[in-house]
Every structure is written in C-alpha cells, then in structure tokens.
Amino acid sequence: MLKRKFDKSKLPSRHVTEGPERAPHRSYYYAMGMSEEEIHQPLVGVATCWNEAAPCNIALNRQAQAVKLGVKAASGTPREFTTITVTDGIAMGHEGMRSSLASREAIADTVELTMRGHCYDAIVGLAGCDKSLPGMMMAMVRLNVPSVFIYGGSILPGKAPQVAEIPEDFRSRDLTVQDMFEAVGRHQNAEMSDAALDMLERVACPSAGACGGQFTANTMACVSEAIGLALMNSSGMPAPYESRDQYAEASGQAVMDLIEKNIRARDVVTRKSLENAARVVACTGGSTNAGLHLPAIAHEAGIDFFLDDVCEIFRDTPYFVDLKPGGQYVAKDLYDAGGIPVVMKELRKAGLIHEDCMTATSRTIGEELDRISREADGRVIYPIETPLTKTGGVVGLKGNLAPEGAIVKVAGIDTQHQRFVGPARVFECEEDAFAAVKARTYKEGEVIVIRNEGPSGGPGMREMLATTAALSGQGMGKKVALITDGRFSGATRGFCVGHVGPEAAHGGPIALLKDGDLITIDATIGEISVDLTDEELAARKAQWTGPRETIYASGALWKYAQLVGATYKGAVTHPGGAAEKHDYMDL
C-alpha cells in the first residue's frame, strides 16, 4: 500500500507528538522503540479485552497483532492496550454475575480514558464476550472517533461421546455451554449420571471462542456488522480459524481510510443503523440482552432509542434464521451458510433495511450488500418469504406489571405456548428460586417471580441461566413461566420474561406481588399483567417498606447501584451524548 501523508494538525495525537514542547512525550515513544516516522503518523488505539478468564477472550491477542499489521501497512502507528472482561459463563449462577453488566460500563469507561489520556486518533476494538462487545462499541460512539470493531469469533461446537451413559438427545446434536447448564438440570432430576456429566463437561466447549449459539455474544457480533462498525462478514468465522486474521488486518487498514475521510463512529451509528441492528437481532432469534445494549449504544450518540423502539421493530420483523437456543444450529453453521450479509440481503428483499447507512468500509450497507452473491440456503437461513414465524424471535411486553416494559424471547416457542396464566410464586433473589427449582418445591402452572435482581437493586442485573436451564433440564420449560427484573442469558430457553420495569428496588409493581397473585403473560399481544386493581396496587405501594437491603455498601458495585438508570433506557450510568459540551476529536 502506498504511504499516505496525514495532516496531524487536526488530530488528537498532535497534543503528544508535535512541536518542541512535546519533546518529553516523544522521548517516551523512542523508549518503546518507535521511529521518528511512526511518532508523527496517526496513533491508532488497538483495544482488546484479552485475558485468561474464558475461551471467548483467549484468541483476541493473536488477532490484535494482525490488526496492527494492517494499521502499519496503511501508514498508521498502532498502540495496543487491554481492558477487563467479566465472562458470563463463569460468572453465572452466583455472586460473580453481579459484576457482569457493571463491567460493560467499566469497559467503555476505561477505553475512553485510555484514548483520551494518550490522545489516540482512532480505534480498532476487539472483544469476545457478552458485555465486552457492547462496552467496546459504546466507547467508540462516546469518543466519536474513526472506529472499526472486530469480534473475536465463536467457539466450535462440541460433540458428545457416543456412549450409552449420555442421553441420546445430547449425543445427536452440536453442544454448547447451554447444554451443560441443562445437563445440570438433568443431573438434579436423576436423569443423568455423574459420569455422563463429567464426560459432557470435557467436550462441550472444545476451542477458543465465545458461546456458540445465538446467545448474547454472537447476537452483539451480528449487531456490529448490521450497525456498520464491523467489516461485513467479519463476525462469522469461529475464533480458531486463522483466516480471522485477514479480517483483523483489513480492519486495521480500514480504520486508516476512515481517518483520511474523517468518517467517525456517529457517522456510522445513527437511528437508521440502530434499526438495522434491531432487525438482525429479531430475524436471528437473538438475545433479549440486545434490548438493553442497543439503547445503551444509542445513548452514547445522544439518540433516544429505548426498549419500546427496539421491540416495535421486533414486532414486524420475520424470524427466519434457525439458531440455538430456540432453533437447531450454531454460529459456525450461520457462517457456513453465508453469515449476516446473506441475512441482511433477505431483509432487504422485504424492504426492511436502510441501505443508505455508512459502514466501516466507507461504503453504504446497500453497496456492501450489492457485493454479496450468496443466497439463503433454506436450512439455516430461510428465505424471508417463508420464515419460521412472521414476527421476530424477541417480543416486548407491557402492562400493569411492567409499565416501563419487559422482554421475552419466543424463538422456538409455538404460538399456542406464548400465552401463560398462572399464580405467582415469589422469590426475593435468584438463589432462593434456584434452591426451590433444585428441590422441585415449585408447582407446574406457576409463574416464578424473581425480584430484587435489577440493575440497582441486585445490584448488577444478574442473568438467570442457571435457574432457567435447570427448569429445562427437568422438562418444565413449557410448564412454568418465569419473570424477573433481572436478565436472562442469550442461552435461555422457555417462557422467560426479563427486564421488568420499574425494578423492585424502585418500587415497581414487581415489588408488590404476593404468592398467588394471578399473572397473565401473552406474547402474541405484548401483555404482562397481574389481576389486581389500580387501587389494590396503590394500597400495596403505600405499605411497601422500600428497597431490599444489599451487602454492597462500598466499592464498584455500590457505585454502580448509585449511578445506574432505568432498564428500558439501557441501564446506563452517565448523561450520554445529548449532554455533551465538546467533541473529543476536536479538542
């Protein structure tokens, strides 16, 4: 590639590299082996969430090196740095999960502070886990610098040994971590031996990469392409594939083009591109957590795009990509079928994509889709004319039990099972509910209510995969419903309603429920209600004694609980783009 001459007089890095007064700063760069030429080129932050916490992060370091090669080839100087990750698969089902959603804010904050502190001109961000993907994208939009996102890639599917001890349905399908959580339920139900559980845990996750179904990580990876921050098709290849490095190198080159053309993150992330992203979540049966993360990304740009807006798009988007947990296939199968470009081509056929949105390639979505020759395979990706269902795989709910809304994944649930009426069985936290499920002291037909698990009241808005997977493993996924002011993993199956708002800690109706109250959940019309009059709810509110006290009276989780806002707005912790008084790039 030809060397380009960049004018640094308008780039942030001029503050640390240009002029006699910056000689002390340049001495630091010389200390790291940089040449004079490298110092005076644009400085590109290469941000990764690499760590040894989980397989979703372990391949990021390798891919970051490829990004740096791309930046260098296009006349830029890469500066690699890392930030944290809290990995849900390991944090799940215990106190560690309180740190998960809060880590999204910490990732965005630490990337912002690193970029600001060192005056980097652009960013390529690599992430591989549920909260690191939205956290990295939030930082890009907050800073509003030239930005390219790249996903670390999914894990390869596991395969069970073909031995009699393992139930046949586990032997006959691709395995993901979801199956391990459900295997725990089978084990508790005495339907799986210790030996079978031991064999499965050794093979369910056979490689580096994020959880293999259309769980939160892969959902947000699809979002990164649909929203335009990632190169088209870059999210698809599994993490072990070294061909991912070609996309990483291309991402490094692409960010240099964006600097040259002054295309910034908010030129890419717009109301229209957010709608494109919500379409892709809906048609792939993606994670309900997208209803939390899309509003949070929008917030960084000063765009009001709330849970209601996301759910309105879900309502009229066909569901036509057959992915786990509701469907049959894993992320690798979607890649083999052509990936998100083919999915978006199908959406375009129905007029459901804004084609004029800019992308990280400096081309529009429409121009990118014109370059795609593959078509829906009819197995993983159905033609949009013959979808799995005519509405999206995720549905928004409202009613007197959730005035600010709630969300439920219905992908893979037959229409006749999308209405549930039953008495409440109220638990004050996830541990109490899990203990009841483990002991099977709940009853068929009940609506299990788990409250005090919201962003502020938890604190941390924990996911309930351990509980929901145990229910599925006991064969009760369709025989009970579950609602919470907390969240559900993207791997959750069954009729499970999350994000109920206002949360219990804020005195929402979920805080006022009692055992036996009759609850109606109807995903076909978007209703969630309790059979109580306004007068009865008001009387209970008057008697409410306030939020449940937590043990988190100091530290990061205390700070998060004080700052975090409403779930329907994305559970964000600062005023956002609408309150800005400056643009980082123009300081």
Side-chain angles (χ1 to χ4, degrees), residues 46-70 80 82 85 87-90 124-133 136 148-161 170 173-180 199-225 230-252 284 321 323-325 328-342 374 380 490-491:
V46 179
T48 86
C49 299
W50 179 87
N51 57 50
E52 294 182 337
C56 41
N57 311 309
I58 205 74
L60 296 175
N61 179 264
R62 183 199 88 224
Q63 295 177 51
Q65 308 319 305
V67 170
K68 290 159 68 176
L69 291 175
E80 184 179 355
T82 60
T85 311
T87 298
D88 288 5
I90 289 177
V124 180
L126 299 92
C129 202
D130 293 9
K131 307 309 172 301
S132 58
L133 276 81
M136 191 67 72
V148 180
F149 178 87
I150 185 161
Y151 178 43
S154 71
I155 201 167
L156 291 170
K159 297 289 185 182
F170 281 78
R173 64 180 185 242
D174 286 338
L175 299 177
T176 68
V177 73
Q178 169 199 354
D179 298 289
M180 285 313 308
M199 283 186 277
L200 284 174
E201 71 185 48
R202 296 171 188 273
V203 298
C205 299
S207 74
C211 302
Q214 193 64 338
F215 313 152
T216 304
N218 280 313
T219 296
M220 295 310 297
C222 295
V223 162
S224 72
E225 286 189 40
L231 302 186
M232 195 64 79
N233 206 35
S234 64
S235 71
M237 285 166 292
Y241 285 25
E242 293 199 4
S243 50
R244 288 203 63 80
D245 295 358
Q246 297 172 16
Y247 278 98
E249 187 169 350
S251 296
T284 59
V321 186
L323 296 173
K324 287 175 177 278
Q328 300 182 63
Y329 298 103
V330 296
K332 178 183 179 295
D333 298 315
L334 176 60
Y335 167 65
D336 290 340
I340 291 304
V342 174
R374 294 186 66 174
V380 180

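Numbers here simply count residues along the sequence, with the first being 1. For the numbers below, each heavy atom of this structure counts, side chains included, while hydrogens, waters and symmetry mates do not.
Side chain of Gln63 to backbone of Arg244: no donor-acceptor contact under 3.5 angstrom is found. Remark: side-chain polar atoms of Glu225 are not paired, donor with acceptor, to backbone N or O of Ala230 under 3.5 angstrom.
Here the SG atom belonging to Cys222 is positioned 8.5 Å from the OH atom belonging to Tyr151, to the nearest 0.5 angstrom. Separation of atoms OG (Ser234) and CD1 (Ile150) is listed at 5.5 Å; rounding is to 0.5 Å. Remark: Lys324 NZ to Gln178 CD distance equals 6.0 Å, nearest 0.5 Å. Considering CZ of Arg202 and CE of Met180, their distance stands at 10.5 Å, rounded to 0.5 Å. Distance check: Arg62 CZ to Thr48 OG1 gives 12.5 Å after rounding to the nearest 0.5 Å. Rounded to the nearest 0.5 Å, atoms CD1 (Ile340) and OG1 (Thr284) are 6.0 Å apart.
Side-chain contact check for Pro157 versus Arg173: every heavy-atom pair is 4.5 Å or farther apart. Side-chain contact between Leu200 and Asp179 is absent, with no heavy atoms from C-beta onward closer than 4.5 Å. At least one side-chain heavy atom of Asn61 sits under 4.5 Å from a side-chain heavy atom of Glu80.
Of all heavy-atom pairs spanning Leu60 and Gly152, the tightest one is CD2-CA, 3.5 Å. In terms of heavy atoms, Asn218 sits closest to Gly213 at ND2-O, 2.9 Å. Closest approach of Arg374 and Ala337 over heavy atoms only: NH2-C, 3.5 Å. For the residue pair Ser154 and Lys332, the shortest heavy atom distance occurs at OG-N, 4.3 Å. Closest of all the heavy-atom pairs between Pro206 and Val203 is CD-O, 3.9 Å. Here the shortest heavy-atom pairing between Cys205 and Val177 reads SG-CB, 4.2 Å.
The only member of Thr176, Asp130, Val330, Leu323 that meets side-chain contact (heavy atoms from CB on, under 4.5 Å) when paired with Phe215 is Thr176.
The side-chain hydrogen bond (donor to acceptor under 3.5 Å, both in side chains) search around Ser224 returns none, not counting sequence neighbours. Every side-chain hydrogen bond (donor to acceptor under 3.5 Å, both in side chains) that Asp88 has, sequence neighbours left out, goes to Ser100, Lys131.
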Name the atoms and distances for all side-chain donor-acceptor pairs under 3.5 Å in residues 51-59, with sequence neighbours left out.
| unit_1 | atom_1 | unit_2 | atom_2 | d |
| --- | --- | --- | --- | --- |
| Asn51 | OD1 | Ala53 | N | 2.9 |
| Asn51 | OD1 | Asn57 | ND2 | 2.9 |
| Asn51 | ND2 | Cys49 | O | 3.4 |
| Asn51 | ND2 | Thr85 | OG1 | 3.2 |
| Asn57 | ND2 | Thr87 | OG1 | 3.3 |

Side chain to side chain contact (heavy atoms under 4.5 Å, CB included), that's the test. Do Leu126 and Trp50 meet it? Break it down for me.
CA-CA 8 Å; Leu126 299 92; Trp50 179 87; over 6 Å; no

Side chain to side chain contact (heavy atoms under 4.5 Å, CB included) between Val380 and Tyr335, intermediate numbers included
CA-CA 10 Å; Val380 180; Tyr335 167 65; over 6 Å; no

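Judged by distance alone, the side chains of Tyr329 and Asp174 never bring a donor and an acceptor atom under 3.5 Å apart.
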